[in-house]
Amino acid sequence: MPELPEVEVSRLGITPHLLHKQITAIKVRQPKLRWPVPEEIQQLVGFQIERISRRAKYLILHTANGNILLHLGMSGSLRVVPKDTPAGKHDHIDIVVDSDYSLRLTDPRRFGACLFQAEDTSPNPLLDNLGPEPLTDAFDGQRLYDLSRNRKQAVKTFIMDNKIVVGVGNIYANESLFLAGIDPRKAAGKVTKQHYLALGEIIKQVLAKAISQGGTTLKDFAQADGKPGYFAQELLVYGRNGEACVKCAEPIESVVIGQRNTFYCAKCQR
DNA sequence: ATTGACTCCTGATGGC
DNA sequence: TGCCATCAGGAGTCAA
């Protein structure tokens, strides 16, 4: 479900409820997520949440005694609920704070994760090899161009590779390539520098706009207060197989690239 | 070094 | 109404 905008929207939504609050309990109803939820997270009970950051699609709750890393996988979502709110079938974890609210992780498919990190600087294979954040100056089209030379993989899978740039998932990869006029099937090494420079800027714009719209709700994504995101109505190609291209009116086509559904306009994207 | 396939899991949807 | 196949917003891991 969540790509970078949805994770960032979650971070912004939960922060006012959790910042500087003390953790009073961590309830793990279902420890079988992508990896087992470690016992160590119980060490954080009694400590204050000092900061809530995001790296790629990971959310990090920082305390003086260690951090909690959260990942939402395909179907995860975070809500802030009154602490005695009855738990549903897929409400796997509650992080209860001293305002008597809980941060509740819901994740039907359980591809998400809840992990422990001893310190901000602790080595972590999940975080240490990630590419740059797309909304910072460390990422731009020049980087895409430089890293793509001689690469034969499709440009779409290239920009979804977390070592190249983090946070670009299937929806925003489709949208960005459409706006940049690049055929998603094209070999990454054959895309021109000019196209990459445009694509770099477009990725930033698309992600920033999606954040400002509260993310994309396709089916079950919700912001921390339970409201949906409104970027879905902005989608130009994702899920629009057979519909008229907004630029040229030719039908949007779909093809599978890297096991993921891909939508594009064969006339506008080359 | 790159690349592509497979995998984890549940729920929604559509065809028969 | 039921049953079965197919498909989902991610990404680590393995093998070629």
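Letters go in sequence order (proteins before strands), and every chain restarts at 1. Quick caveat: nothing in here was measured; it's all calculated off a predicted structure. Computed over heavy atoms, backbone and side chain alike; hydrogens, waters and symmetry mates excluded.
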Enumerate, atom names and distances included, each donor-acceptor pair closer than 3.5 Å involving a side-chain atom of residues 226-233 of chain A, sequence neighbours excluded.
none

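- A:Tyr238 comes within contact range of the sugar-phosphate backbone alone, with a heavy-atom separation under 4.0 Å but no base atom that close.
- Shown here is A:Asp137, whose CG atom has no more than 12 heavy atoms of other residues, nucleotides or ligands within 6.0 Å.
- Rounded to whole angstrom, the span from the CZ atom of A:Phe263 across to the C1' atom of C:dA8 amounts to 10 Å.
- Atom-to-atom distance recorded for A:Ile252:CD1 and A:Cys265:SG is 5.0 Å, nearest 0.5 angstrom.
- We find that CG of A:Asn162 is positioned 10 Å from C1' of C:dG12, with the value rounded to whole Å.
- Put simply, A:Arg260 has a side-chain N or O that comes within less than 4.0 Å of OP1 or OP2 on C:dG9.
- The cationic group of A:Lys247 lies under 6.0 Å from the six-membered ring centre of A:Phe178 and within 45° of the ring axis, placing it in a cation-pi geometry.
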What nitrogen or oxygen pairs link the protein and nucleotides 8-10 of chain B at under 3.5 Å?
unit_1: B:dC9; atom_1: O4'; unit_2: A:Arg109; atom_2: O; d: 3.3
unit_1: B:dC9; atom_1: O3'; unit_2: A:Arg110; atom_2: NH2; d: 2.8
unit_1: B:dC9; atom_1: O2; unit_2: A:Arg109; atom_2: NE; d: 2.9
unit_1: B:dC9; atom_1: N3; unit_2: A:Arg109; atom_2: NH2; d: 3.4
unit_1: B:dT10; atom_1: OP1; unit_2: A:Arg110; atom_2: NH2; d: 2.8
unit_1: B:dT10; atom_1: O4'; unit_2: A:Pro108; atom_2: O; d: 3.3
unit_1: B:dT10; atom_1: O3'; unit_2: A:His90; atom_2: NE2; d: 3.2

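- Note that CG of A:Leu61 and CD of A:Gln117 are 11.0 Å apart. Values are rounded to the nearest 0.5 Å.
- Between A:Leu33 atom CG and C:dG12 atom P the separation is 16 Å, expressed in whole Å.
- Panel note: side chain A:Ser148, backbone A:Arg151; no donor-acceptor pair is recorded below 3.5 Å.
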Heteroatom pairs (N/O) under 3.5 angstrom, protein to nucleotides 1-4 of chain B:
unit_1: B:dT3; atom_1: OP1; unit_2: A:Lys152; atom_2: N; d: 2.7
unit_1: B:dT3; atom_1: OP1; unit_2: A:Gln153; atom_2: N; d: 3.2
unit_1: B:dT3; atom_1: OP2; unit_2: A:Arg151; atom_2: NH1; d: 2.8
unit_1: B:dT3; atom_1: OP2; unit_2: A:Gln153; atom_2: OE1; d: 3.3

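- In this structure, CD of A:Glu6 is placed 12 Å from P of C:dA11, rounded to the nearest angstrom.
- The CG atom of A:Asp161 sits 15 Å away from the P atom of C:dT13 (whole-angstrom rounding).
- Taken from CD1 in A:Ile52 to NE2 in A:His20, the straight-line distance is 9.5 Å, to the nearest 0.5 Å.
- Distance check: A:Leu18 CG to A:Ile95 CD1 gives 8.0 Å after rounding to the nearest 0.5 Å.
- Contact check for A:Val191 versus A:Leu144: no side-chain heavy atoms found under the 4.5 Å cut-off.
- Counting non-hydrogen atoms under 4.0 angstrom, A:Phe231 reaches nothing in the nucleic acid.
- For A:Asn261 and C:dA8, the shortest distance from a side-chain N or O to OP1 or OP2 is below 4.0 Å.
- Qualifying side chain to side chain contact (heavy atoms under 4.5 Å, CB included) partners for A:Leu147, counting only residues two or more places apart in sequence or in other chains: A:Arg143, A:Phe158, A:Ile164.
- Distance A:Ile257 CD1 to C:dG9 P: 13 Å, rounded to the nearest Å.
- Taking atom CG of A:Leu4 as the reference point, atom P of C:dG9 lies 17 Å away to the nearest angstrom.
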Just distance, no hydrogens or angles: give the donor-acceptor pairs under 3.5 Å from side chains in residues 198-208 of chain A, sequence neighbours left out.
unit_1: A:Lys204; atom_1: NZ; unit_2: A:Pro134; atom_2: O; d: 3.1
unit_1: A:Lys204; atom_1: NZ; unit_2: A:Thr136; atom_2: O; d: 2.7
unit_1: A:Lys204; atom_1: NZ; unit_2: A:Phe139; atom_2: O; d: 2.7

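- Between the OG atom in A:Ser102 and the NZ atom in A:Lys27 there is a gap of 6.0 Å [rounded to 0.5 Å].
- A:Tyr172 places its OH atom 14 Å from the P atom of C:dA11, with the value rounded to the nearest Å.
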Dot-bracket for DNA chain C, 5' to 3', Watson-Crick and G-U pairs with both distances under 3.5 Å, [ ] for crossing pairs, | for partner on another strand, reads .|||||||.|||||||
